[in-house]
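Since the structure comes first, as structure tokens, the remarks are kept for the end.
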Number of protein chains: 2
Amino acid sequence: MDDVSNTKRGRGRPRAFDTQNVLSRAQDAFWNGGYAATSLDNLVIATGLNRPSLYSAFGDKHALYMAAFTKALQDTVATLSDLLSIDEPLQQALMRLFALATDTYRTGETGQRGCFFISTAVVEAVGDAEIRESLRLALDEMDRLFEDRFLRAQRVGELPTEADIPIYAKLTTAMLNGMAVRARAGADAQTLTRMGRGLTTLILDANARQND
Amino acid sequence: MDDVSNTKRGRGRPRAFDTQNVLSRAQDAFWNGGYAATSLDNLVIATGLNRPSLYSAFGDKHALYMAAFTKALQDTVATLSDLLSIDEPLQQALMRLFALATDTYRTGETGQRGCFFISTAVVEAVGDAEIRESLRLALDEMDRLFEDRFLRAQRVGELPTEADIPIYAKLTTAMLNGMAVRARAGADAQTLTRMGRGLTTLILDANARQND
DNA sequence: CATATTTTGTACTGATCCGCATATAATTAG
DNA sequence: CTAATTATATGCGGATCAGTACAAAATATG
């Protein structure tokens with residue numbers, strides 16, 4: 001929007017950084033260490049900006065985190081939307097989803113860092129109403145994406161009409177959360193993959209009974 | 001073990017506190033705010049002990065947390081063992097389990113605090129190898145308890161011989177983790193209960209096909 | 001070229017952090 | 001009753017925390 005690469009240049013000295021890039025770096029920093037344990041010195045090093053630049057561009061530490069959170073949610077929704085829009089059987093879609101999650105959750109410079117929301121927002125959610133609401137919103141957003149996908153599968157006949165789609169969506173989100181927790185605890189790729197396949201198989205098998 | 005109520009009194013001034021009780025208070029403090037954001041001043045207030053007493057009894061902040069973690073795991077294993085040892089159908093056992101989780105995760109003075117391990121250990125797991133290993137151990141321990149229960153169900157004929165018990169156990173643990181995340185985000189009891197019932201139904205329905 | 005405006009860089013502030021030094025209190029051993 | 005031992009209480013100290021003041025740098029305007 002208002003980064004250096006964009007045309008609309010103001011009056012004074014031009015910014016020497018790209019806003020989205022800085023937010024990505026800040027996101028990485030929070031993702032590794034969590035919100036509370038990530039100091040402004042850490043953020044200064046991670047982003048390459050100095051403190052006053054960070055403050056003038058984003059506000060205080062909390063505001064910077066919220067900006068990183070918002071970007072993380074946007075990126076997640078975009079990625080999942082693309083992934084779920086592929087025209088393929090439900091089973092393949094779910095397997096693809098969980099495979100991507102496995103890769104994402106196991107990535108990280110300092111170690112397997114899991115999911116940004118689980119690794120940073122969950123702890124703060126009790127003492128910070130804004131983070132709590134944002135976390136709730138992010139989870140609901142994921143539910144919604146999965147609901148849409150399951151509804152599509154239902155329309156195609158891959159799921160029966162009596163299938164409880166809203167619950168399936170929440171189970172899918174919960175499984176991702178569980179996989180993120182496991183990844184952060186050091187689980188290997190095979191374990192995560194098997195978990196995803198486990199839920200996938202369960203959903204498909206449970207609905208494969210009545211084929212009249 | 002070595003608390004004031006116990007007989008074996010040493011030489012000097014007797015302790016004015018109960019070790020297990022202090023650990024419970026410390027556990028509550030960490031549970032609410034997480035490890036990093038819970039200061040020693042918080043812990044002093046929460047436990048009622050002053051700093052030197054805390055340090056001489058448990059060591060530094062990290063050691064105190066690890067002691068609280070260990071106690072939390074012991075308590076969890078004890079509770080789950082009791083709950084899963086009840087002689088009842090698998091469906092009832094799972095529903096009882098998830099009902100207990102719903103209640104536990106929604107309890108808390110300052111708000112719905114979820115699961116101790118998810119709320120405190122997950123964030124620290126990347127930067128702290130000891131916490132990471134303990135978290136892995138705790139998750140594995142829960143898996144083991146659920147595996148035992150599913151194996152018992154299999155022996156009784158509630159699950160077929162080809163059922164993938166180890167995965168069912170991990171899915172159960174993951175669902176508890178997902179519920180804990182949701183609870184911390186402010187989810188109501190109905191949502192959590194439905195999630196638990198969702199997985200329970202899925203496991204039972206997926207295995208109810210081949211009744212020859 | 002001079003001035004206004006915005007960003008950057010350095011350094012600082014008061015608060016809070018964790019851990020400990022020191023002194024007092026309470027108990028046992030002799 | 002005296003000495004040894006352990007726990008409690010107060011308060012300190014260096015490090016780190018989040019946030020900001022102030023000056024230098026870089027651009028646009030006139």
Side-chain angles (χ1 to χ4, degrees), chain A residues 1-23 25-26 29-30 33-68 120 123-124 127-128 130-131, chain B residues 1-23 25-26 29-30 33-68 120 123-124 127-128 130-131:
Chain A
M1 287 293 188
D2 56 311
D3 56 348
V4 72
S5 63
N6 232 334
T7 47
K8 194 64 160 297
R9 200 149 78 184
R11 267 257 272 174
R13 177 174 179 171
R15 281 186 172 171
F17 60 89
D18 174 77
T19 302
Q20 295 303 309
N21 197 281
V22 168
L23 282 181
R25 303 299 185 89
F30 285 127
Y35 175 77
T38 300
S39 70
L40 268 161
D41 287 329
N42 294 145
L43 291 166
V44 163
I45 294 172
T47 61
L49 302 198
N50 44 36
R51 297 165 100 88
S53 295
L54 277 176
Y55 274 85
S56 77
F58 303 101
D60 63 6
K61 178 184 175 183
H62 192 264
L64 174 59
Y65 173 76
M66 294 310 299
T120 67
V123 208
E124 312 299 328
D128 189 318
E130 193 178 354
I131 294 183
Chain B
M1 287 293 186
D2 55 314
D3 56 349
V4 72
S5 62
N6 231 334
T7 46
K8 193 65 160 298
R9 200 151 77 185
R11 265 261 270 171
R13 178 173 176 171
R15 283 187 172 169
F17 60 89
D18 173 79
T19 302
Q20 295 302 308
N21 197 280
V22 167
L23 281 181
R25 303 298 185 92
F30 286 126
Y35 175 77
T38 300
S39 70
L40 267 161
D41 287 329
N42 294 145
L43 291 166
V44 163
I45 293 173
T47 60
L49 301 198
N50 43 36
R51 296 164 102 89
S53 293
L54 277 177
Y55 273 85
S56 77
F58 304 99
D60 63 7
K61 180 185 173 182
H62 192 265
L64 174 58
Y65 173 76
M66 294 311 301
T120 67
V123 210
E124 312 299 327
D128 189 317
E130 191 178 356
I131 293 182

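First the proteins, then the strands, lettered A, B, ... as listed; each starts at 1.
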*More 5' along DNA chain C: A:G12 or B:R11, using each one's nearest nucleotide?*
A:G12

*At their closest point, which heavy atom of A:A67 faces which heavy atom of A:L23, and how far apart are they?*
CB-CD2, 3.7 Å

*Side-chain contact, heavy-atom cut-off 4.5 Å: A:F58 with A:T19?*
yes

_Spatial distance of atom CG (B:N50) from atom CD1 (B:I45) [nearest 0.5 Å]_ = 12.5 Å

*Indicate yes or no: at least one non-hydrogen side-chain atom of B:N21 is less than 4.5 angstrom from one of B:T47.*
no

*asked:* Could you check whether any side-chain heavy atom of A:V44 comes within less than 4.5 Å of a side-chain heavy atom of A:L49, counting everything from C-beta outward?
replied: no

*Residues two or more places apart in sequence or in another chain: which of them pass side chain to side chain donor-acceptor pair (under 3.5 Å) with B:Y65?*
B:T120

*Could you name each residue pair satisfying salt bridge (charged side-chain N to carboxylate O under 4.0 Å, His left out) that touches residues 45-67 of chain B, not counting sequence neighbours?*
B:D41-B:R51

*Hey, can you tell me if B:H62 and B:Y35 have their rings parallel, tilted or perpendicular (30° and 60° cut-offs)?*
perpendicular

*Considering only heavy atoms, which members of residues 37-44 of chain B lie under 4.0 Å from some atom of DNA chain C?*
B:T38, B:S39, B:L40, B:D41

*Tell me, do A:R25 and A:L43 make a side-chain contact under 4.5 Å, heavy atoms counted?*
no

*Span of DNA chain D in contact with chain A (heavy atoms, under 4.0 Å)*: D:dC17 to D:dT29

*For DNA chain D, what residues of residues 45-59 of chain B have any heavy atom nearer than 4.0 Å?*
B:N50, B:R51, B:P52, B:S53

_Heavy-atom closest pair, residues A:A26 and A:L64_ = CB-CD1, 4.2 Å

*Answer whether the closest heavy-atom distance between the side chains of A:N42 and A:F30 falls below 4.5 Å.*
no

*Which nucleotide of DNA chain C is the first, and which the last, in the 5' to 3' direction, to come under 4.0 Å of a heavy atom belonging to chain B?*
C:dC17 to C:dA29

